[in-house]
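Comments concern the structure below.
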Amino acid sequence: MKITDIRIFVTCPGRNFVTVKIYTDEGLTGVGDATLNGRELAVASYLKDHVAPCLIGRDALCSEDIWHYLYRGAYWRRGPVTMASIAGIDTALWDIRAKAAGMPLYQLLGGASRDRVLCYTHAQGTGISEAVVAVGARIDEGYLAIRAQVGIPGLPDIYGTGVSGLTNTASDNATPREEMWSTSKYLPRIPRLFEALRAAHGEEVHLLHDVHHRLSPIEAARLGKDLEPFRLFWLEDAVPAENQEGFRVVRQHTTTPLAVGEVFNTVWDAKLLIEEQLIDFIRTTCVHAGGPTALRRIMDFAGLHHVRTACHGAADMSPICLGANLHLDLWVPNFGIQEYSGYTEEMLSLFPHAWSFSGGYLHPGEAHGHGVDFDESHADEYPYQPAYLPVNRLEDGTLWHW
Ligand code: CS2
Ligand code: MG
């Protein structure tokens, strides 16, 4: 089955998504997500200018060889732009393979290891009482696991605590918004949030919190310890993870479970974290970690070391990424949880999908392939809009992590 054409679409149905569509001489097509939030056009150019021309005429069923052709063959390995590009191609090729086999993708991976996929969603508030109400509303919608974030007095407008994260976060002139950060204001606030959440909503609901890489190891260790009475499902991205050894300090001091990896691109980014069992959940996801070919290897490696999976699933990855993740989630023996922050109706109309949500769980559906399509006939109605993630500065102006 020969690849006859590869088209790249950058659309903005509320957020920018990069979509790869591969066409074959047998009429089968497949779609993949290659979105890299805030850097979409770089990936689109990598794909259009450097990848697509090299793949025309190749066998669409040789996805393993194509993966290595794009990874080893480029000489310049890893990195988010390269790996999102490879992911877009790889996801589309797995979609084609599963359609050719007449099966949902999870059947090709080894079949379902569970009936349904536990997911968590987001709830936030600028104040603690608002966050408590927001978590309650999510529980009423049927969610069993909820990530809770709260604003910090004295720090205006922190990412993830105010308005919904479903839409683009660009300021009017399309340069990154600047936010302000203070660890000393943040650290005492978060245990108070979870104390209030447990008091209001009881022990049963799974509660999670995302630190967004803003702490040092010893600060993260303190936060993990302070949160122990509230039994979090996890503390996410507690410290920047370029220095994997930094997690040793956090791990030695707290029994709060740790999750990391949404910005990782390959297994090499998590090798020490997994081998030394410094984390409990690995957050690599289809689009940023090189597609199903690479992600399932990371998942298997994690399984050897008591680390469970937790694919990143925020709304800045397209519904195709979520659809592909759900097939891996249904199959993977060491499954943990799937993030699911949802999509707007507009987004879902551009990406018709077979997955379903019920009672706190997702299921990828039984459509052949990964079950998510792209309605290219409407692509022109949603042109790319320049948009960036915000940047973060300390109160004295120092540029900080987030
Ligand atoms: C977050 C994301 O979902 C998460 O856990 O960390 O919202 C993240 O900020 C975005 O995906 C960045 O593009
Ligand atoms: Mg996160």
Side-chain angles (χ1 to χ4, degrees), residues 12 14-18 33-43 80-81 83-84 87 119-124 138 143 145-150 157-170 176-177 179 181 186 190 206-215 220 223 232-241 247 257-265 269-270 273 279-289 309-322 325 329 336-344 347 362 385-392 400-402:
C12 186
R15 299 196 76 113
N16 291 313
F17 296 125
V18 182
D33 181 27
T35 307
L36 184 61
N37 196 359
R39 297 290 186 271
E40 297 85 359
L41 299 185
V43 180
V81 174
M83 298 312 290
C119 66
Y120 75 91
T121 193
H122 300 177
Q124 60 275 325
R138 293 311 213 175
Y143 287 97
I146 299 157
R147 185 193 85 170
Q149 307 293 121
V150 72
D157 225 13
I158 304 177
Y159 178 85
T161 61
V163 288
S164 149
L166 289 182
T167 47
N168 274 332
T169 50
R177 196 177 68 229
E179 298 187 348
W181 181 251
Y186 168 79
I190 300 307
H206 297 306
L207 295 175
L208 302 77
H209 181 68
D210 190 349
V211 183
H212 260 283
H213 313 105
R214 288 161 172 152
L215 301 179
L223 180 60
L232 265 61
F233 190 89
W234 77 39
L235 187 64
E236 175 182 339
D237 288 348
V239 297
F247 271 78
L258 303 172
V260 72
E262 66 181 43
V263 301
F264 293 174
N265 307 129
D269 298 324
L273 290 172
I279 55 172
D280 300 280
F281 297 93
I282 180 72
R283 304 244 314 120
T284 41
T285 197
C286 250
V287 61
H288 298 139
T309 68
C311 292
H312 185 202
D316 53 84
M317 287 147 284
S318 92
I320 297 172
C321 179
L322 179 72
N325 285 342
D329 294 336
I337 200 165
Q338 168 66 53
E339 184 180 16
Y340 176 56
S341 63
Y343 295 97
T344 64
M347 294 169 185
L362 288 158
Q385 313 264 331
Y388 291 98
L389 286 159
V391 298
N392 202 20
W400 200 242
H401 319 280
W402 73 265

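Predicted, not measured: the structure shown is a model, and the values here were computed from it. Both counts, for ligands and for their atoms, begin at 1 and track the order of listing.
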- Item | For atom 3 (O) of ligand 1, the protein heavy atom that lies nearest, with its residue and separation | Glu339 OE2, 2.5 Å
- Message: For atom 7 (O) of ligand 1, what is the closest protein heavy atom, and at what distance to 0.1 Å?
- Response: Tyr159 OH, 3.2 Å
- Item | Arg147 neighbourhood, listing ligand 1 atoms whose heavy-atom distance to it stays under 4.0 Å | 1 (C), 3 (O), 4 (C), 5 (O)
- Query: So which protein N/O/S atoms does the Mg ion (ligand 2) have within less than 2.8 Å?
  - Reply: Asp210 OD2, Glu236 OE2, Glu262 OE1
- Under the side chain to side chain donor-acceptor pair (under 3.5 Å) rule, collect the residues that match up with Glu262, sequence neighbours excluded. Arg283
- Item | Identity of the nearest option to atom 5 (O) of ligand 1, non-hydrogen atoms only, from Arg39, Glu262, His213 | Glu262
- Item | His122: which of Arg138, Glu339, Gln149 passes side-chain hydrogen bond (donor to acceptor under 3.5 Å, both in side chains) | Glu339
- Message: Are any of the N/O atoms on Asp237, whether in the backbone or the side chain, positioned under 3.5 angstrom from an N/O atom of ligand 1?
- Response: no
- Query: What's the shortest distance from atom 13 (O) of ligand 1 to any protein heavy atom, and which residue and atom give it?
  - Reply: Asn37 ND2, 2.9 Å
- Note on the structure: Separation between CE (Met83) and CZ (Phe264), nearest 0.5 Å, reads 13.5 Å
- Task: Ignoring angles and geometry beyond distance, decide whether Tyr120 reaches within less than 3.5 Å of ligand 1 through its nitrogen or oxygen atoms.
- Result: no
- What closest approach, in Å, do Asp237 and Gly261 show between heavy atoms, and which atom pair accounts for it? OD1-N, 3.6 Å
- Tell me: protein heavy atom nearest atom 2 (C) of ligand 1, and distance? His312 NE2, 3.6 Å
- Message: What protein heavy atom lies closest to atom 10 (C) of ligand 1? Include the residue and the distance to one decimal.
- Response: Asp316 OD2, 3.1 Å
- Task: With heavy atoms only and a cut-off of under 4.0 Å, state how Trp402 meets ligand 1: side chain, backbone, both or neither.
- Result: side chain
